[in-house]
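The figures that follow rest on heavy atoms only: side chains count, while hydrogens, waters and symmetry mates do not. Quick note on labels: first sequence line is chain A, next is B, and so on, each numbered from 1.
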Number of protein chains: 2
Amino acid sequence: MTTRQDVADKAGVSPATVSHVVNSTKYVSPELKVKIERAIEELNYIPNKTARNLAMNKTEQVGILVPSLSNPYFGAIAEGMEQVARQNGYIVSLFAPEGSDYQYISTIIERQMDGVFLANTGFQFSENQLKHMERSGVSFVAGLDIGFSGKNNNSFKNSIVSLDYDPSIRNMFKYLTELGHRRIAFLSGMPVAYSDSRKQSYLDYIGKFGLDFEEEFIITGNYPFSTSAKDGYRDMKKFLSTGTDVTAVFAINDLMAIGAMKAIRGAGLKVPEDISIVGCDNIFLSEAADPPLTTIDVPKEELGRKAMELLLRMINNNEINEIPLETELIIRDSTSFAKK
Amino acid sequence: MTTRQDVADKAGVSPATVSHVVNSTKYVSPELKVKIERAIEELNYIPNKTARNLAMNKTEQVGILVPSLSNPYFGAIAEGMEQVARQNGYIVSLFAPEGSDYQYISTIIERQMDGVFLANTGFQFSENQLKHMERSGVSFVAGLDIGFSGKNNNSFKNSIVSLDYDPSIRNMFKYLTELGHRRIAFLSGMPVAYSDSRKQSYLDYIGKFGLDFEEEFIITGNYPFSTSAKDGYRDMKKFLSTGTDVTAVFAINDLMAIGAMKAIRGAGLKVPEDISIVGCDNIFLSEAADPPLTTIDVPKEELGRKAMELLLRMINNNEINEIPLETELIIRDSTSFAKK
DNA sequence: GTGAAAGCGCTAACAA
DNA sequence: TTGTTAGCGCTTTCAC
């Protein structure tokens, strides 16, 4: 490995001067500068960032915590985050732990990461873990939906990117009721007790729009409560077998919605003629689905980008912020008039 | 930040001894060990890995280079890689550069990464760049399909995970011809000149099975030649408008296949009654597609896992390997008898 | 068995 | 304007 010393020797200057031209931290005379630059070139010198990190107590490295990457929703978020990280000289490391493996907290601390984006609201962090990270000087931003932002008790200094589903869900209800729907189910994939702002909004608007409601309309999932297309298929299939009559289903995400559509067809019914389906997230395949899925768009890359920007602001200026991101109802072909 | 010195002070021993109990590198008497462990506990001490890295000239950090993460194909690969990395105390950092941004090569070197997995065969690396990485002591494994493994001129010491599409493509042709197909197109998404083992196999088996062939059967893409559902839709639509008559289409990946199915329906035709479609990759949505897609399964998580294992073997034992991974034809409902 | 001390490659304060 | 030097927190060799 070529070190700064090698360059200094070759150029006949001191290591410090080499540093100064590498980092442009001080004025260096043109002659020396040229000499040094040539030496760098010839030796193919690349500064050792590990050493730099140690000296500066800063790694320009952040982490992203996701439940899964084969889920394109989180993939898109990671992609957005990586983009602004890269533009700012940062790198992002991946954490996709299985189950309740909290190893990554130590990993983040021991590697002196500058920050981490907790992209999954589903993880349960203990007060202690968060405190530990905070004390260790790692900034973190949490991704939350607005229904939960109130829960941030401010005992932590963390920024938040939040997603405001409510207006879009309201629009969805407006749209569906105009089409004559009065019995609308919610495909949650989660346990009954699970709270989620989407579920909350669903419940609210069922009431506000004066629609029919039965307990069964909230379709729950099964342990371990994932929300893939397969889960949507399974849960919807089970729901259909109960004979509960609904004309529309709001799925907690597009994956579940796509699975649900398959289950509906499997039962000899049609989307949207017999049952209308609305998804959520607008993943890149929802448009190519058949029928193209009516869904709520969430700006995923943007979310990743904003998360990284917030992280940067925490790291550099100790600034705490909350950025709410807007969602939007996208009407495609999986929704139509309610069946009589 | 609590350092090893703090622990040593508290426990009344020397820093070196603390190191030895932390890393179990030497025998330490039970009494001291207990004292030290208690001190570690009380101070919430977590070793600084940056310092360790510098001292050991090893970072236990690797990179993965992908074209995009919102593509679940690469997401799944990254997920597999992260999994075995984590199990081995490594972390994986993300590179999803846009266009011909080779910045990441310097990044990898300056951050002393132990290795990198080049998951995309599409990137063009110059001999120089690769040499540079090699000289800097970063191991790398490339993901290739077997048609290209011969191209590895062995001037680099890199391992390879390869994908053997050929037997599956042969099976696909066998299956399609048995269904009466004689005019089969290849939806490539790529320029005419682009070579790819899938294309090669396609051409081979067209010949071996004595099928019809016209230049137009190879459906090319458009700059910048991505292979998303949108591209598949666009390219297939254009192809259909030319009136070239085929009864089946082999798409270079599932995304393209899903887009193509949409285009076919858009033209008032049906899948598989009018045109059969075969995809490739078996991404997690292909089963939920409508109709469920006949495709060639590639073991994506496995690929990521194997890549990391190869990296580990290069890093630890200087071992070079090539692991060929098998693919498998999965027959679902997007293929059927050829239209008369 | 335990500890002192040199060194990993760099930054930054200070001296020259 | 340039160079010297003392760290950053850890590993590891070599005395004790």
If I take atom [atom1] in residue [X] and atom [atom2] in nucleotide [N], what distance separates them, rounded to the nearest angstrom?
X        : N       : atom1 : atom2 : value
Tyr27(A) : dG3(D)  : OH    : P     : 14 Å
Asp6(A)  : dG9(C)  : CG    : C1'   : 11 Å
Met1(A)  : dC10(C) : CE    : C1'   : 11 Å
Glu60(A) : dC10(C) : CD    : P     : 15 Å
Asn23(B) : dT12(D) : CG    : C1'   : 11 Å
Gln5(B)  : dA4(C)  : CD    : P     : 10 Å

- Note on the structure: For Glu37(A), the salt bridge (Lys or Arg N to Asp or Glu O under 4.0 Å) test, sequence neighbours excluded, returns none

- Would you please name every residue forming a side chain to side chain donor-acceptor pair (under 3.5 Å) with Arg135(B), sequence neighbours left out?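 So Arg135(B) forms no side chain to side chain donor-acceptor pair (under 3.5 Å) with any residue.
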
- side chain to side chain donor-acceptor pair (under 3.5 Å) partners of Thr227(B), counting only residues at least two apart: Asn253(B)

- Against the side chain of Val28(B), the closest entry in dT2(C), dT2(D), dG9(D) is dT2(C)

Would you say [N] has OP1 or OP2 under 4.0 Å from some side-chain N or O of [X]?
X        : N      : answer
Thr3(B)  : dC8(D) : no
Ser29(B) : dG1(C) : no
Ser14(A) : dT4(D) : no

- Whichever of Pro15(B) and Thr2(A) has the more 5' nearest nucleotide on DNA chain C, that residue is Pro15(B)

Would you tabulate the side-chain donor-acceptor contacts of residues 83-98 of chain A under 3.5 Å, counting partners in other chains and residues two or more places apart, or write 'none'?
from	atom 1	to	atom 2	distance (Å)
Arg86(A)	NE	Glu82(A)	OE1	3.3
Arg86(A)	NE	Glu82(A)	OE2	3.0
Arg86(A)	NH1	Glu98(B)	OE1	3.0
Arg86(A)	NH2	Glu82(A)	OE1	2.9
Arg86(A)	NH2	Ala96(B)	O	3.1
Arg86(A)	NH2	Glu98(B)	OE1	3.0
Asn88(A)	ND2	Val84(A)	O	2.7
Tyr90(A)	OH	Lys58(A)	NZ	3.3
Ser93(A)	OG	Gln61(A)	OE1	2.9
Ser93(A)	OG	Ser93(B)	OG	2.8
Glu98(A)	OE1	Arg86(B)	NH1	2.9
Glu98(A)	OE1	Arg86(B)	NH2	3.1

- Query: Which part of the nucleic acid, if any, lies within reach of Ser19(B) when heavy atoms closer than 4.0 Å are counted: base, sugar-phosphate only, or nothing?
  - Reply: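 Result for Ser19(B) = base.
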
- Message: Any carboxylate oxygen within less than 4.0 angstrom of a Lys/Arg side-chain nitrogen, looking at Lys306(A) and Glu302(A)?
- Response: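 A salt bridge is present here (some side-chain N lies under 4.0 Å from a carboxylate O).
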
- Tell me, which of residues 38-57 of chain A have any heavy atom that sits under 4.0 Å from an atom in DNA chain D?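 Heavy-atom contacts with DNA chain D come from Leu54(A), Ala55(A).
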
- Among residues 106-114 of chain A, which contact DNA chain D at a heavy-atom distance under 4.0 Å?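 Heavy-atom contacts with DNA chain D come from no residue of residues 106-114 of chain A; none.
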
Side-chain donor-acceptor pairs of residues 40-53 of chain A under 3.5 Å, sequence neighbours excluded:
from	atom 1	to	atom 2	distance (Å)
Glu42(A)	OE1	Lys10(A)	NZ	3.3
Asn48(A)	OD1	Thr50(A)	N	2.7
Asn48(A)	OD1	Ala51(A)	N	3.2
Lys49(A)	NZ	Glu60(A)	OE1	2.9
Asn53(A)	ND2	Lys49(A)	O	3.1

May I have the list of side-chain donor-acceptor pairs in residues 19-30 of chain B shorter than 3.5 Å, sequence neighbours left out?
from	atom 1	to	atom 2	distance (Å)
Ser19(B)	OG	Arg4(B)	NH1	2.8
His20(B)	ND1	Ala16(B)	O	3.3
Asn23(B)	ND2	Ser19(B)	O	3.3

Table of protein N/O atoms under 3.5 Å from nucleotides 14-16 of chain C N/O atoms:
from	atom 1	to	atom 2	distance (Å)
dC14(C)	N4	Lys26(A)	NZ	3.0

Donor-acceptor pairs are to be reported for all side-chain atoms of residues 69-78 of chain B against protein atoms at under 3.5 Å, with residues two or more places apart or in another chain.
from	atom 1	to	atom 2	distance (Å)
Ser70(B)	OG	Glu79(A)	OE1	3.2
Ser70(B)	OG	Ser68(B)	OG	3.2
Asn71(B)	OD1	Tyr73(B)	N	2.9

- Message: Filter on salt bridge (Lys or Arg N to Asp or Glu O under 4.0 Å), then keep only pairs touching residues 12-21 of chain B, sequence neighbours left out; what's left?
- Response: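 Every candidate salt bridge (Lys or Arg N to Asp or Glu O under 4.0 Å) pair involving residues 12-21 of chain B fails, so no pair, neighbours aside, qualifies.
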
- Message: With salt bridge (Lys or Arg N to Asp or Glu O under 4.0 Å) as the rule and sequence neighbours excluded, what pairs involving residues 63-78 of chain A come up?
- Response: none

- Message: Has Thr3(B) got a side-chain atom pairing as donor or acceptor with Gln5(B)'s backbone, closer than 3.5 angstrom?
- Response: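 Yes, Thr3(B) side chain to Gln5(B) backbone: donor-acceptor pair under 3.5 Å.
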
- Message: Between Asp114(B) (side chain only) and Val62(B) (backbone N and O only), is there a donor and an acceptor less than 3.5 Å apart?
- Response: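 Here the side-chain-to-backbone pair does not exist.
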
